[in-house]
Enquirer: 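So that we are looking at the same thing, I have put the structure below in C-alpha cells.
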Amino acid sequence: MSLRNVKGTRDLLPPETAIWQAVEDVVRRVFALYGYHEIRTPLLEDTELFVRGVGEGTDIVGKEMYTFEDRKGRSLTLRPENTAAVARAYLQHRLQDQPPPVKLFYVGPQFRYERPQRGRYRQFHQIGAELIGDEGPGSDAELLLMLVRFLRELEFESLTVRLNTVGDAASRSRFAAALREFLLPQRDALGEDSRRRLDSNPLRILDTKVAAERELLVGAPRLADFLGEDDRRHFSRLLELLDRWRVPYEVDDGLVRGLDYYTRTVFEIASQDLGAQDAILGGGRYDGLTRDLGGPEVPGIGFAIGQDRLVEVLPESFRQRCAGAPPVVVVPVGEHHQETCLALGERLRDAGVVALVELSGRSVKAALKAADRQQARFVVLLGDDEAAQSTVTVRDFARGEQAPVAQDRLAGWLRERLDRVEGDPSSTVAAGR
RNA sequence: GUGGGCGUAGCUCAAUGGUAGAGCCCCUGGUUGUGGUCCAGGUGGUUGGGGGUUCGAGUCCCCUCGCCCACCCCA
C-alpha cells in the first residue's frame, strides 16, 4: 500500500470517533447553558488575516502556516487557529450591532506546518469559545467557570488553571521596551531564537527553557511592575471571583502566550499525562484584536482546547460510557427467510432498537460467533419452525438462555429488556437522553 | 528547521550471515439450526524501497522513504 494519509494528519476510526462525538456532545450541551452559539468559519482564509490578527512576529505566522497561491495568484492560508477568523466574521457581519456580549463557539480542524510528535499534528482539532463585547473581569471568570464545568462533565478530577496577566497594550509595550533594554547588553549570551525575539517579541524570551538564558533573566524587569492600575484591578477582581467559586488556579507570572493579540488575562491548563506538548487548552483576553483587523475596538476573551490532546487524556470512566448501544442481531436460518428477517429488522429500528440483520448467508454458527464479537446482547433466530408459528427464537447471550417470542411482540419484548440493561453504568451516554 | 530511535503477516513481536516463524486477529471444520472455552486445519510477507559486499543478506554497508520521540513553539 503506497498511498497513505498526508504526514501529520490522521484517520480517526471507530470506536475512537464515538469518543470524539461524545466530547462534542458535551461541548454543545455545556456551552449552550452559557448562551454560546456555534459559528463555522472557512478553513481557508486570506493570508493577511493571520499576519495581522495573530502577529507577524509569532512562530505561527513566521514558520508554521500552510500558505499557497490559488489559480489567480491570491495568497491563501489554511487556518492555523480560529480566533482571528471569528473576529473577522464578527466585523464582516457587523455583529457589534447585536446586543453584547456576542458568545460564539466552534469545533473543527486547524493546520500548522510543524514536525509532528506526540500531541502535535499538522491537522489538529480545536474546540473554542469567544466572548466578544465585554471587558469586565466577570466575563473572564464566567468563561473559566464554563471551562471548569465542561472538564468536570468529562470527569476530569484535578486540573489546575494557570493564569497570569500581561497588561493592556500600553503596559505591554512599556514592559517590552524595558526588557529589551535590559537584555541588549547580554545579546551575545542569548541563543539564536531569543536573539531574534529580542526585536520581534521580547516577552517570549521570558518562558525560555534554556538554563543559561534563565540565569540571565534573574534580575530582569518584571511584568508585574509595568501593569497599570486598571490592569491590576482587573486581575485581582478576577482572582476574587475565582476564589469565590472555588476554581482551582495558580498564578504563574512566567506565563506569556505566543499569540500577539493577548491582553490582560491569559491562562492555560496542562496535563501530566501528555508528553512534552502538555497544554490541553489555552486562552486569554484580546481587547485589541478587532482594531488590529481594521474594525472598531471591541474587547473579547476566549480559549481554544486541543481536542486531540483532550481525547488522549480523557478519564477512562468517561471513555467507557461512550460505547454504542449493543446491537440485536437477526439471523435467518435458511436463505428463504432473509426477507422476513429484513422486515423484522426494520420493525426493531422503528422501535429504536439497534438491529443488524445477517445477510451473508453464512452458517448459524458463524453468524452467532460474529454476533458475539459485535457485543450483541440478543440474537433473534428465524427458521422454518418459527416461521410456521409466526414466532422467533430469542437468545440472550448474557444469560445463555433462549425462548420463543411472537414476531408481533418482539420489538416491545426487546425494548423492555434493553432499557433495563441501559440503566446499568456500563451502558452508553450516547444512547441516553 | 535540528537531533535521536525504529521499520519483518492486519496487530504484538521472534529468527549466532545459511529453508522467514510464533501468539493474537480473520476464515473453515469438530454431523442435521446455536456464541464465549477447547481441538484441528487454512488465508495472509517482493522482511518499507533501491543499490552494494558475499557462494549466500531480514541480519553488514550506502542511499532513500516512512513512522515515533525530543528540541523550538504551541492546542
Side-chain angles (χ1 to χ4, degrees), chain A residues 1-8 10 13 54 57-64 79-83 107-128 191-194 196-197 201 204-205 207-210 213 255-259 262 266-271 274-283 302-313 329 331-335 337 358 360 362-387 392-402:
Chain A
M1 188 64 184
S2 56
L3 241 33
R4 299 180 49 89
N5 60 308
V6 170
K7 186 190 193 77
R10 53 196 187 135
L13 308 173
V54 179
T58 61
D59 282 4
I60 291 178
V61 172
K63 54 187 194 190
E64 296 171 2
R79 64 183 188 193
E81 60 99 55
N82 213 1
T83 299
V107 176
Q110 317 289 337
F111 304 84
R112 291 183 201 170
Y113 191 91
E114 301 177 88
R115 228 16 203 274
Q117 71 186 69
R118 174 138 191 238
R120 164 183 291 165
Y121 309 99
R122 288 184 174 179
Q123 177 179 334
F124 60 106
H125 302 80
Q126 288 188 329
I127 296 163
E192 190 187 332
D193 287 330
S194 290
R196 183 163 39 76
R197 289 190 210 116
N201 198 349
R204 288 235 51 90
I205 301 176
D207 58 5
T208 179
K209 282 154 196 153
V210 181
E213 294 186 1
L255 180 66
V256 180
R257 305 209 53 81
L259 283 58
Y262 286 122
V266 294
F267 56 87
E268 73 175 31
I269 294 181
S271 163
L274 286 163
Q277 312 306 321
D278 62 354
I280 61 177
L281 69 90
F303 60 76
I305 300 167
Q307 193 174 4
D308 308 77
R309 294 179 187 177
L310 181 75
V311 167
E312 195 170 338
V313 296
V329 177
V331 181
V333 182
E335 297 263 354
H337 294 299
E358 176 60 52
S360 71
R362 57 184 155 184
S363 68
V364 171
K365 181 189 177 75
L368 286 192
K369 194 169 189 150
D372 189 46
R373 300 262 155 84
Q374 285 168 113
Q375 317 280 328
R377 171 75 201 279
F378 295 102
V379 172
V380 173
L381 291 158
L382 189 144
D384 293 340
D385 297 348
E386 290 86 353
V392 291
T393 297
V394 182
R395 183 166 176 78
D396 181 336
F397 271 178
R399 294 163 165 276
E401 305 169 347
Q402 60 189 42

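Protein chains get the first letters and strands the later ones, always in sequence-line order, with residue 1 at the start of each. Because the structure is predicted, anything quoted here is derived from the model rather than measured.
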Enquirer: Rounded to the nearest Å, what distance is computed from the CD atom of residue A:E401 to the P atom of nucleotide B:G36?
Expert: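 Interatomic distance, CD of A:E401 to P of B:G36: 18 Å.
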
Enquirer: Shortest non-hydrogen contact from A:V313 to A:S271?
Expert: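 A:V313 and A:S271 have their closest heavy atoms at CG1-OG, 3.6 Å.
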
Enquirer: When you measure from the side chain of A:S363, which nucleotide among B:C74, B:G29, B:G36 comes out closest?
Expert: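 The closest nucleotide is B:G29.
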
Enquirer: Of A:A366 and A:E386, whose nearest nucleotide on RNA chain B comes first from the 5' end?
Expert: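 In this pair, the answer is A:A366.
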
Enquirer: I need the CG-P distance between A:D384 and B:U34, as an integer number of Å.
Expert: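 Checked: the CG to P distance equals 14 Å.
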
Enquirer: Any protein N or O atoms within reach of nucleotides 67-70 of chain B? Criterion: under 3.5 Å, listing atom names and distances.
Expert:
| from | atom 1 | to | atom 2 | distance (Å) |
| --- | --- | --- | --- | --- |
| B:C67 | OP2 | A:K7 | NZ | 3.0 |
| B:C69 | OP2 | A:R118 | N | 2.8 |
| B:A70 | OP1 | A:A276 | N | 3.1 |
| B:A70 | OP2 | A:Q117 | NE2 | 3.3 |

Enquirer: Between B:U64 and B:C25, how far apart are the C1' atoms? Round to whole Å, please.
Expert: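 After rounding to an integer number of Å, I get 33 Å for this pair.
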
Enquirer: Can you find an N or O donor on one side and an acceptor on the other, under 3.5 Å apart, linking the side chain of A:Q402 with the base of B:G33?
Expert: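 Check fails, no donor-acceptor contact within cut-off.
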
Enquirer: Rounding to an integer number of Å, can you tell me how far A:D385 CG sits from B:U34 C1'?
Expert: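 From A:D385 CG to B:U34 C1': 14 Å.
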
Enquirer: Would you mind reading off the distance between A:R362 atom CZ and B:C27 atom C1', rounded to a whole angstrom?
Expert: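 Atom CZ in A:R362 sits about 10 Å away from atom C1' in B:C27.
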
Enquirer: With the criterion set at under 5.5 Å between ring centres and under 30 degrees between planes, would B:G36 be stacked on A:F397?
Expert: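 No; centroid distance or tilt outside limits.
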
Enquirer: Rounded to whole angstrom, note down the P distance from B:G1 over to B:G49.
Expert: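 B:G1 and B:G49 have their P atoms separated by 26 Å.
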
Enquirer: I want to confirm an ordering. Mapping A:E114 and A:K63 to their closest nucleotides on RNA chain B, which one lands closer to the 5' end?
Expert: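 That would be A:K63.
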
Enquirer: I'd like the P distance from B:C60 over to B:A70, given in whole Å.
Expert: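 The answer is 27 Å between these two P atoms.
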
Enquirer: Assess whether side-chain contact (heavy atoms from CB on, under 4.5 Å) is satisfied between A:R10 and A:D308, documenting all intermediate values.
Expert: CA-CA 11 Å; A:R10 53 196 187 135; A:D308 308 77; 2.8 Å; yes

Enquirer: Let's go through A:F111 and A:Q123 carefully: what are the C-alpha distance in whole Å and the side-chain angles of both, what is the deciding distance for side-chain contact (heavy atoms from CB on, under 4.5 Å) to 0.1 Å, and is it a yes or a no?
Expert: CA-CA 5 Å; A:F111 304 84; A:Q123 177 179 334; 3.5 Å; yes

Enquirer: Counting C-beta onward and ignoring hydrogens, is there a side-chain heavy-atom pair between A:H337 and A:D384 closer than 4.5 Å?
Expert: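 Sidechains of A:D384 and A:H337: in contact.
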
Enquirer: Decide yes or no on side-chain contact (heavy atoms from CB on, under 4.5 Å) for A:V6 and A:R122, but give the supporting numbers first.
Expert: CA-CA 9 Å; A:V6 170; A:R122 288 184 174 179; 6.0 Å; no

Enquirer: Donor-acceptor check, side chain of A:R309 to backbone of A:I280, threshold 3.5 angstrom: yes or no?
Expert: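 Not at all, since once roles are kept as given, no pair shorter than 3.5 Å links the two residues.
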
Enquirer: Is A:E81 reaching over with its side chain to a backbone N or O of A:T83, donor-acceptor style, under 3.5 angstrom?
Expert: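 Judged by distance alone, yes, a pair lies under 3.5 Å.
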
Enquirer: Output the rounded distance in Å from CD (A:Q110) to P (B:C74).
Expert: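 Atom-to-atom, A:Q110 to B:C74, this comes out as 16 Å.
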
Enquirer: Would you measure the distance from the P atom in B:A22 across to the matching atom in B:G45 and give it in whole Å?
Expert: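 The answer is 15 Å between these two P atoms.
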
Enquirer: Find out whether A:R377 and A:D396 are in side-chain contact, i.e. whether some heavy atom of one side chain is under 4.5 Å from a heavy atom of the other.
Expert: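 In short, these two side chains touch, coming nearer than 4.5 Å.
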
Enquirer: Ignoring hydrogens and angles, state whether a donor on the side chain of A:Q402 or A:T393 is under 3.5 Å from an acceptor on the partner side chain.
Expert: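 No, no side-chain donor-acceptor pair sits under 3.5 Å.
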
Enquirer: Measure the distance from CZ on A:R122 to C1' on B:C72 and round it to the nearest whole Å.
Expert: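 Spelled out: CZ on A:R122 to C1' on B:C72 is 15 Å.
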
Enquirer: With sugar-phosphate meaning primed atoms plus P, OP1 and OP2, does A:L381 contact a base, only sugar-phosphate, or nothing at under 4.0 Å between heavy atoms?
Expert: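 Result for A:L381 = base.
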
Enquirer: For B:C65 versus B:A20, give the span between their P atoms, rounded off to a whole number of Å.
Expert: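 That atom pair is separated by 30 Å.
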
Enquirer: Give me the distance, rounded to whole Å, that separates B:C63 from B:G18 when you measure between the P atoms they each carry.
Expert: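 It works out to 25 Å between them.
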
Enquirer: Tell me: CG of A:D372 to C1' of B:C26, nearest whole Å?
Expert: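 Result: 15 Å.
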
Enquirer: When rounded to the nearest Å, what value does the distance between P atoms of B:G23 and B:G42 take?
Expert: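 Here B:G23 and B:G42 have their P atoms 12 Å from each other.
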
Enquirer: What's the gap between B:C11 and B:C74 when it is taken at their C1' atoms, as a whole Å value?
Expert: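 Those two atoms are separated by 33 Å.
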
Enquirer: Counting any heavy atom closer than 4.0 Å, what does A:A371 reach on the DNA or RNA strands: base, sugar-phosphate only, or nothing?
Expert: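 Here A:A371 touches no strand at all.
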
Enquirer: So what does the secondary structure string of RNA chain B come out as, 5' to 3', with Watson-Crick or wobble pairs under 3.5 angstrom, [ ] for crossing and | for pairs with another strand?
Expert: (((((((..((((....[..)))).(((((.......))))).....(((((..]....))))))))))))....

Enquirer: What residue among A:R120, A:K7, A:K63 forms salt bridge (Lys or Arg N to Asp or Glu O under 4.0 Å) with A:E114?
Expert: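 Only one option passes, and that is A:R120.
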
Enquirer: Could you tell me whether A:D308 contacts a base, only the sugar-phosphate backbone, or nothing, with contacts defined as non-hydrogen atoms closer than 4.0 Å?
Expert: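 The residue A:D308 makes no contact with any strand.
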
Enquirer: Is the base of B:C74 touched by the side chain of A:R112 through a donor-acceptor pair closer than 3.5 angstrom?
Expert: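 Flag unset: no donor-acceptor pair detected.
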
Enquirer: What's the NZ-P distance between A:K369 and B:C38, to the nearest Å?
Expert: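 Those two atoms, NZ and P, are 10 Å apart.
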
Enquirer: From the list B:G35, B:U28, B:C74, which nucleotide is the closest neighbour of the side chain of A:D278?
Expert: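 Nearest to the side chain of A:D278 among the choices is B:C74.
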
Enquirer: Please pick, from B:U28, B:G33, B:C27, the nucleotide with the shortest atom-to-atom distance to any side-chain atom of A:R373.
Expert: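 When the side chain of A:R373 is considered, B:C27 is the closest of B:U28, B:G33, B:C27.
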
Enquirer: Going from CD on A:E358 to CG on A:L382, what distance comes out if it is rounded to the nearest 0.5 angstrom?
Expert: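 One finds 13.5 Å between CD of A:E358 and CG of A:L382.
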
Enquirer: NA contact type, A:G128, heavy-atom cut-off 4.0 Å: base, sugar-phosphate, or nothing?
Expert: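 If one applies the 4.0 Å heavy-atom cut-off, A:G128 turns out to touch nothing in the nucleic acid.
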
Enquirer: Do A:H125 and A:P109 have side chains that get closer than 4.5 Å, going by heavy atoms?
Expert: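 They are in side-chain contact.
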
Enquirer: So what does A:E81 hit on the nucleic acid, given a heavy-atom distance under 4.0 Å: a base, only sugar-phosphate, or nothing?
Expert: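 Result for A:E81 = nothing.
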
